[in-house]
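Reviewing the structure listed below.
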Amino acid sequence: MMRKIDFLGFAFDDVDAAQTAELLNSRPAPAPFVYVVTPNVDHVARLQKVANAEQMLALHGAWLTVNDSNILRLLAKMCGINLPTVPGSDLTAAVIRTMVKPGDTVTLIGGDAGMAAALAATIPGATLLHHRPPMGVLRNEHALAAAVAFVVEHPARFVLLAIGAPQQEVIARRILLTGQASGIGLCIGASVEFVTGRKARAPTWVRRLNLEWLHRLLSEPRRLWRRYLIEGPRIFLIVWRWRKSRANVM
């Protein structure tokens with residue numbers, strides 16, 4: 001049993017990047033399906049607003065929950081909590097570049113044909129399966145069921161759920177609840193785009209300064225301005241309220 005770290009409504013697993021990779025790499029491909037979530041500031045802010053029970057259960061029903069955000073790590077440190085960081089993009093890169101072996105099967109849920117082709121080129125000798133749900137999949141029960149059925153009917157060692165939160169987590173939980181799937185589901189958002197080179201990740205020095213969010217905002221301002229300039233800053237109020245509630249309990 002791994003130690004859990006309670007922070008902002010999530011029970012994070014107390015594991016670093018190397019330990020996370022070891023856990024993933026050591027799990028047999030035919031083992032029953034489990035999934036990994038990588039919460040960041042956006043997940044935390046979203047969790048505070050969502051009233052949908054399924055979405056909340058999906059975020060909390062993972063086999064492994066690792067912190068994707070250096071901002072969360074720093075905020076946790078201010079609260080006296082040591083919260084390891086396992087960036088989702090780094091985890092995805094480790095899976096694709098070091099864990100996938102010839103003969104393995106990898107399923108990609110999300111992305112277009114170009115992304116699938118680029119990903120397939122990075123895993124020679126392995127088989128890539130691709131399913132592309134339509135936009136608005138969370139409001140389309142038929143599309144949700146089709147994504148779940150695809151994973152169940154096509155066993156894979158790794159299932160890369162690359163359609164953003166909370167739809168990727170909801171699909172992962174529904175796959176789990178079938179009791180018929182195998183492999184490891186990774187809820188990794190846009191990480192495949194960075195690994196395949198379709199989008200440029202922030203330089204290492206920017207990441208060391210904890211400014212990767214700013215690099216992403218400047219790269220895609222029309223898509224991400226609200227997330228980082230409106231929703232993101234709410235994290236400070238969320239942390240303040242969380243600390244206050246803990247103080248009142250003690």
For this session: May I ask you to decide if M115's main-chain N or O and H130's side chain share a donor-acceptor pair within less than 3.5 Å?
Result: no
Problem set entry | Nearest-0.5 Å distance that lies between atom CD1 in I188 and atom CG in L161 | 7.5 Å
Seminar exercise, completed: Scanning both residues in full, the closest heavy-atom pair of L138 with P166 reads CD2-CG, 3.8 Å
Problem set entry | Check: R73 side chain, N67 main-chain N or O, donor-acceptor pair, under 3.5 Å | no
Problem set entry | Common cluster, W240/V41, ILVMFWY with side-chain heavy-atom separation under 4.5 Å | no
For this session: Start with the C-alpha distance between V86 and T38, add both sets of side-chain angles, then the distance that settles side-chain contact (heavy atoms from CB on, under 4.5 Å), and finish with yes or no.
Result: CA-CA 8 Å; V86 184; T38 58; over 6 Å; no
Problem set entry | Distance-minimising heavy-atom pair for I81 and I5 | CG2-CG2, 3.5 Å
Problem set entry | Nearest non-hydrogen partners of P84 and V15, listed with the distance | CB-O, 3.4 Å
For this session: Nearest 0.5 Å please: distance from the CZ atom of R234 over to the CD atom of E231.
Result: 6.0 Å
Seminar exercise, completed: Note: I175 and A181 closest approach over all heavy atoms is CG2-CB, 3.5 Å
For this session: Answer yes or no: is there a side-chain heavy-atom contact under 4.5 Å between D90 and F194?
Result: no
Problem set entry | Between CD on residue E169 and CG on residue L57, distance to nearest 0.5 Å | 12.5 Å
Exercise. Does CD belonging to E220 count more than 12 external heavy atoms closer than 6.0 Å?
Worked result: yes
Exercise. For the side chain of H154 and the backbone of V106, is there at least one donor-acceptor N/O pair under 3.5 Å apart?
Worked result: no
Problem set entry | Over 12 non-hydrogen atoms of neighbours within 6.0 angstrom of CZ in R223 | yes
For this session: Check the pair M99, D104 against side-chain contact (heavy atoms from CB on, under 4.5 Å), reporting the backbone distance first and the verdict last.
Result: CA-CA 10 Å; M99 298 184 205; D104 283 344; over 6 Å; no
For this session: Evaluate the side-chain proximity of D112 to R132: yes if any heavy-atom separation is below 4.5 Å, no if none is.
Result: yes
Exercise. Can you tell me how far CD1 of I71 sits from CG of N40, rounded to the nearest 0.5 angstrom?
Worked result: 10.5 Å
Problem set entry | Sidechain-backbone polar pair: D13 side chain, T65 backbone, donor-acceptor under 3.5 Å | yes
Exercise. Checking D16 side chain against Q19 main chain: does a donor-acceptor pair fall under 3.5 Å?
Worked result: yes
Exercise. With a 4.5 Å heavy-atom cut-off, do T105 and P155 have their side chains touching?
Worked result: no
Exercise. Is any side-chain heavy atom of V37 less than 4.5 Å from a side-chain heavy atom of F10?
Worked result: no
For this session: Identify, with sequence neighbours excluded, every residue that meets side-chain contact (heavy atoms from CB on, under 4.5 Å) alongside L176.
Result: F33, Y35
Exercise. Taking side chain as C-beta onward, heavy atoms only, is I184 less than 4.5 Å from L64?
Worked result: no
Exercise. When clusters are formed by joining ILVMFWY residues with side-chain heavy atoms under 4.5 Å apart, either directly or through shared neighbours, do L129 and I123 land in the same one?
Worked result: no
Problem set entry | K4 with D14: basic N within carboxylate O range, under 4.0 Å | no
Exercise. Can you find a pair of side-chain heavy atoms, one from L119 and one from L160, that are under 4.5 Å apart?
Worked result: yes
For this session: Please test T92 against F158 for side-chain contact (heavy atoms from CB on, under 4.5 Å), starting from the C-alpha separation and ending with a verdict.
Result: CA-CA 10 Å; T92 304; F158 294 107; over 6 Å; no
For this session: Specify whether F7 and W242 have parallel, tilted or perpendicular ring planes, treating 30° as the upper limit for parallel and 60° as the lower limit for perpendicular.
Result: perpendicular
For this session: Quick one: pull up CG in L74 and NZ in K77 and give me the separation to the nearest 0.5 Å.
Result: 7.5 Å
Exercise. With E54, which residues qualify under side chain to side chain donor-acceptor pair (under 3.5 Å), at least two apart?
Worked result: R174
Exercise. Hey, what do you get for CD1 (I235) to CG (D42), rounding to the nearest 0.5 Å?
Worked result: 10.0 Å
Exercise. Would a distance-only check, ignoring hydrogens and angles, find a side-chain to backbone donor-acceptor pair under 3.5 Å from Q168 to G164?
Worked result: yes
Seminar exercise, completed: V195 and S89 have their tightest heavy-atom pair at CG2-O, 4.2 Å
For this session: Would you check if the side chain of T98 reaches a backbone N or O of V95 as a donor-acceptor pair within less than 3.5 Å?
Result: no
For this session: May I have the step-by-step check of side-chain contact (heavy atoms from CB on, under 4.5 Å) for I171 and I163, ending in yes or no?
Result: CA-CA 10 Å; I171 290 175; I163 52 176; 3.5 Å; yes
Seminar exercise, completed: Between V66 and F12 the two heavy atoms that sit nearest each other are C-CD2, 3.9 Å
